Trainee: 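Here it is, the structure, as structure tokens.
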Amino acid sequence: MLKTIACGELRSNHVGKTVTLAGWVHKRRDHGGLIFIDLRDSQGLVQVVFNPERSPAAHQVAENFRSEWVVLVEGEVALRPVGTQNPHMPTGEVEVYASRAEVLNQSKTPPFDISEDGQVDELLRMQWRYLDLRTARMHDNLVLRHRVVKYMRDFLDDRGFIEIETPILIKSTPEGARDYLVPSRIYPGSFYALPQSPQQLKQLLMVAGYERYFQIARCFRDEDLRGDRQPEHTQLDLEMSFVNEEDILSLIEELFTDIVEKVASNRKLVKPFARLRYDDVMARYGTDKPDLRFGLELADLTEVAKATESHVLHQAVDGGGIVKGFAAPGCGGYSRRQVDELTAFAQTRGARGLITISLAGEGTSLDGLTMEQVRSTIARFLTLEQVKQIARRTKAKPGDLILIVAGPAKVANTALSQLRNEMGQRLKLTDPTLMVFAFVTDFPLFAWSEETKAWEPEHHLFTAPAEDHWPLLETDPGKMRARHYDLVCNGMELASGSIRNYNREKQERIMRFLGYTPEQIDERFGQLLGALEYGAPPHGGIAPGIDRFLYLLSDHADSIRDVIAFPKTQNAVDALFHAPAPVTPEQLKELHIRVVEE
RNA sequence: GGCCCGGUAGCGUAGUGGUUUAACGCGCGGCCCUGUCAAGGCCGAGAUCACGGGUUCAAAUCCCGUCCGGGUCGCCA
């Protein structure tokens with residue numbers, strides 16, 4: 001090693017030792033005589049002092065130092081003089097008196113400041129990712145990521161799981177998300193697909209008798225990106241044999257509780273995790289991934305709406321829709337402009353409009369409420385008693401603002417759930433240091449698709465239905481519940497899993513019900529169905545998304561891009577490598593591919 | 001694919017039709033400076049205002065289009 005110790009490791013117990021340090025010039029403070037350098041390496045920062053009286057040669061070398069130069073410094077560790085210690089630095093009690101200095105490599109002036117935590121355009125950061133990753137915040141994020149993944153591996157290893165790698169080049173199965181395809185050189189016109197998840201592979205491992213499998217698995221989906229979605233993301237994929245729901249959920253609860261408590265001292269969590277039913281969660285929050293750090297629960301107002309004179313409400317209800325709303329405490333005094341803002345917010349989330357009712361006055365009782373204290377977009381279509389009914393259902397008090405959306409259930413729920421999150425933020429109810437986990441269970445097995453006029457799996461078709469729901473497959477498939485569970489946290493879906501079908505007959509019934517022909521079933525799922533005939537054990541699993549979890553865990557992440565070393569932009573571009581990019585005609589020819597101009 | 005926001009020295013921003021020679025802070029370069037840690041002081045350089053077209057006597061500023069980034073709906077079993 002060129003160095004004897006890391007910069008960030010130096011403490012008062014090293015005082016008197018002569019050390020050789022190597023790293024990057026983080027900051028330089030030149031007093032003409034004395035020069036102070038904050039020297040940075042992967043372990044942290046330490047202050048180096050160049051004194052022209054102690055070592056003129058070293059001082060002369062340091063005069064030329066500039067930001068991000070790579071330098072080597074030899075010197076003695078000393079306690080800082082009284083009054084000059086820096087309590088903000090872990091190494092702030094000591095400093096190094098340089099006796100020798102050497103430039104190992106120079107650096108151009110970086111395109112943005114690495115030593116300060118300022119706002120820098122994200123595209124610029126992506127284009128210079130190797131510099132962006134030098135910043136303390138990104139460095140902390142990647143270290144945190146390593147610790148979390150290591151904890152997961154150790155935790156599962158302790159419990160008898162083994163990590164098994166599965167192929168990245170596998171086969172396209174057209175259901176679900178769009179596949180990333182890789183052309184075959186050897187078989188013209190044939191393609192591998194990158195796995196959206198190792199779902200079938202891990203089930204085959206259960207058939208193979210491994211009983212407890214896990215993998216830190218990369219998963220690929222060619223769909224549009226978001227702050228919480230990248231074309232490739234990493235899951236802790238796991239699967240167990242001879243288990244039921246409770247085995248999986250308690251394992252995951254213990255894992256996540258441990259990680260938060262032992263790896264993330266900056267986070268608090270609520271124990272035990274809540275277990276919520278899908279229907280209940282949809283009714284109360286309008287989404288299957290509610291932020292449970294705050295209340296603001298939705299109330300169904302459809303019945304009240306029917307009794308009013310409001311055309312808007314009647315139209316929605318007559319069209320088979322619903323009316324729901326919630327109360328924003330203390331927002332009764334919102335200005336016209338603020339209300340308009342919320343309306344626009346709801347509209348951009350798909351709602352036709354937003355109905356607001358603000359209640360003036362004070363106290364907690366609605367008894368003294370008069371129509372004069374009610375301000376609403378639909379005030380003239382409401383009686384005082386109806387306003388009170390709405391207030392009671394939404395638990396609104398005088399001084400509150402009730403927000404109501406009417407329309408098809410899906411639209412109203414989407415808009416309201418996002419409005420609820422928005423108000424949670426505005427009212428500062430979303431404590432970023434708090435993580436509230438919950439398991440959502442009892443999902444429907446199927447969802448009706450208006451687009452294809454067919455039943456589709458709510459999650460995936462390997463999910464087993466509740467055992468006593470099989471008869472419903474013929475009579476009322478929409479009522480079938482799945483042995484499926486999600487882990488949600490702070491409004492994010494963190495994991496998804498299920499107990500699987502392990503009986504070929506039953507698995508095939510589901511596939512036939514979904515409209516697959518015997519040929520399609522054989523071609524797409526033949527390998528799995530075949531395996532189910534050779535002693536497949538009951539099994540189930542789950543797959544927590546590691547990027548999303550880290551995003552919630554980190555104090556320095558604005559999106560999952562901040563916890564991924566080299567992420568893509570919203571247009572799925574790698575701004576550093578400029579991928580994707582054209583390839584040579586020779587490469588295309590070998591792959592039997594011709595590019596067609598559109 | 002739809003909608004919304006943004007693009008002005010290396011970085012972050014201000015300027016939204018004419019006293020702008022495009023301003024400020026940081027950074028950068030030079031000089032001064034022996035206890036700083038957002039070091040300080042003085043001086044200086046640095047911008048085809050994303051790109052293309054249009055309106056106007058006059059455009060960073062208004063209009064249209066394109067590209068790029070972010071958010072969002074659709075999409076994401």
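What you are looking at is a predicted structure, and each value in this text was computed from that prediction instead of being measured.
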Trainee: Distance between the C1' atoms of B:U48 and B:A22, in whole angstroms?
Mentor: 14 Å
Trainee: Using a 4.0 Å heavy-atom cut-off, does A:T173 contact any base of the nucleic acid, only the sugar-phosphate backbone, or nothing at all?
Mentor: nothing
Trainee: Distance between the C1' atoms of B:C26 and B:U16, in whole angstroms?
Mentor: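 Result for the C1' pair: 25 Å, nearest Å.
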Trainee: Which part of the nucleic acid, if any, lies within reach of A:E458 when heavy atoms closer than 4.0 Å are counted: base, sugar-phosphate only, or nothing?
Mentor: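 Sugar-phosphate: the residue A:E458, judged by heavy atoms under 4.0 Å, touches backbone atoms but no base.
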Trainee: A:T569 near the nucleic acid: base, sugar-phosphate alone, or nothing, with a heavy-atom cut-off under 4.0 Å?
Mentor: sugar-phosphate
Trainee: Applying a 4.0 Å non-hydrogen cut-off, can you work out what A:L225 is touching in the nucleic acid: base, sugar-phosphate, or nothing?
Mentor: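 No contact.
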Trainee: Mapping A:N86 and A:E223 to their closest nucleotides on RNA chain B, which lands nearer the 5' end?
Mentor: A:N86
Trainee: Mind checking if A:E95 touches a base, just sugar-phosphate, or nothing, with heavy atoms under 4.0 Å?
Mentor: base
Trainee: With a 3.5 Å limit on both atom pairs, tell me what B:C31 is paired to, counting Watson-Crick and G-U wobble, or say none.
Mentor: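 B:G41 is the nucleotide pairing with B:C31.
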Trainee: OP1 or OP2 of B:C28 sitting under 4.0 Å from any side-chain N/O of A:S67?
Mentor: yes
Trainee: Regarding A:R54 and the six-membered ring of A:Y97, is the cationic atom NZ or CZ under 6.0 Å from the ring centre and inside 45° of its axis?
Mentor: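 Yes, A:R54 lies over the aromatic ring of A:Y97.
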Trainee: Hey, does A:K410 reach any base, or is it just sugar-phosphate, or nothing, if we go heavy atoms under 4.0 Å?
Mentor: sugar-phosphate
Trainee: Sticking with atom P, work out how far B:G7 lies from B:A60, rounded to a whole angstrom.
Mentor: 15 Å
Trainee: Where the side chain of A:R349 is defined as all heavy atoms beyond and including C-beta, which of B:U72, B:C33, B:U36 is the nearest nucleotide?
Mentor: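 Given the options B:U72, B:C33, B:U36, the side chain of A:R349 is closest to B:U72.
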Trainee: Out of the candidates A:R509, A:Q203, A:Q507, only one should pair with A:N501 under the side-chain hydrogen bond (donor to acceptor under 3.5 Å, both in side chains) rule; please name it.
Mentor: A:Q507
Trainee: What's A:Q570 touching, base or sugar-phosphate or nothing? Going by heavy atoms closer than 4.0 Å.
Mentor: base
Trainee: For a quick check of understanding: with a heavy-atom distance under 4.0 Å over all strands, which category does A:G227 fall into, base, sugar-phosphate or nothing?
Mentor: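 Answer is sugar-phosphate: A:G227 comes under 4.0 Å of backbone atoms only.
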Trainee: Distance check, C1' atoms only: B:U61 and B:G15, in whole angstrom units.
Mentor: 9 Å
Trainee: Give me the distance, rounded to whole Å, that separates B:C31 from B:C68 when you measure between the P atoms they each carry.
Mentor: 45 Å
Trainee: Can any side-chain N or O of A:S498 pair as donor or acceptor with the backbone N or O of A:H484 at less than 3.5 Å?
Mentor: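 Checking the backbone N and O of A:H484 against the side chain of A:S498, no donor-acceptor pair under 3.5 Å is found.
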Trainee: Classify A:Q230 by what it touches in the nucleic acid, base, sugar-phosphate, or nothing, heavy-atom distance under 4.0 Å.
Mentor: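 Nothing, no nucleic acid heavy atom in range.
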Trainee: Where the side chain of A:R561 meets the backbone of A:T569, is there a donor-acceptor pair that is under 3.5 Å apart?
Mentor: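 No; zero donor-acceptor contacts below 3.5 Å.
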Trainee: Please measure how far the P atom in B:U13 lies from the corresponding atom in B:C73, and state the result in whole Å.
Mentor: 25 Å
Trainee: Go nucleotide by nucleotide along RNA chain B from the 5' end; which of A:V573 and A:Q196 gets its closest nucleotide reached first?
Mentor: A:V573
Trainee: Who does B:C24 pair with, Watson-Crick or G-U, both distances under 3.5 Å?
Mentor: B:G12
Trainee: Searching all strands shown, indicate the nucleotide that pairs with B:G6 (Watson-Crick or G-U wobble; both distances under 3.5 Å).
Mentor: B:C68
Trainee: Base, sugar-phosphate, or nothing: which does A:N571 touch, judged by heavy atoms less than 4.0 Å apart?
Mentor: sugar-phosphate
Trainee: Looking across every strand, which nucleic acid part, if any, lies under 4.0 Å from A:R561 by heavy atom: base, sugar-phosphate, or nothing?
Mentor: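 Sugar-phosphate, backbone atoms only, no base.
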Trainee: Ring-on-base stacking between A:H31 and B:G35, under 5.5 Å between centres and under 30° between planes: is it there?
Mentor: no
Trainee: Would A:R500 pass as a cation-pi partner of A:Y502, given that its NZ or CZ must be under 6.0 Å from the six-membered ring centre and within 45 degrees of the axis?
Mentor: no
Trainee: Rounding to an integer number of Å, can you tell me how far A:H460 NE2 sits from B:C76 P?
Mentor: 15 Å
Trainee: Would you say A:K27 reaches B:A39's phosphate, i.e. side-chain N/O to OP1/OP2 under 4.0 Å?
Mentor: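 Yes, A:K27 has a side-chain N/O under 4.0 Å of OP1/OP2 on B:A39.
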Trainee: For B:C62, what is the paired nucleotide under Watson-Crick or G-U wobble rules, both distances under 3.5 Å?
Mentor: B:G54
Trainee: Once you apply a heavy-atom cut-off of 4.0 Å, does A:P81 come out as touching a base, just sugar-phosphate, or nothing?
Mentor: base
Trainee: Report, as yes or no, whether the 6.0 Å neighbourhood of atom CH2 on A:W128 holds more than 12 heavy atoms from other residues, nucleotides or ligands.
Mentor: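 Check fails, neighbour count at 12 or below.
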Trainee: Using the C1' atom as the point on both nucleotides, what is the distance between B:U21 and B:A39, in whole Å?
Mentor: 34 Å
Trainee: Between A:R481 and A:D279 (salt bridge meaning N to carboxylate O under 4.0 Å), is one present in this structure?
Mentor: yes
Trainee: For nucleotides B:G41 and B:G54, find the distance between their P atoms and express it as a whole number of Å.
Mentor: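 Pairwise P distance, B:G41 against B:G54, rounds to 49 Å.
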Trainee: Between the side chain of A:E95 and the main-chain N/O of A:G92, is any donor-acceptor distance below 3.5 Å?
Mentor: no
Trainee: Does the side chain of A:Q418 get closer than 4.0 angstrom to OP1 or OP2 of B:U72 through an N or O atom?
Mentor: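 No, outside the criterion.
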Trainee: Verify the stacking flag for A:F112 against B:C11: centroid separation must be under 5.5 angstrom and the ring planes must differ by under 30 degrees.
Mentor: no
Trainee: Would you mind classifying the nucleic acid contact of A:R66 as base, sugar-phosphate or nothing, using non-hydrogen atoms under 4.0 angstrom?
Mentor: sugar-phosphate
Trainee: When all nucleic acid strands are considered with a 4.0 Å heavy-atom cut-off, which category describes A:F525: base, sugar-phosphate, or nothing?
Mentor: nothing
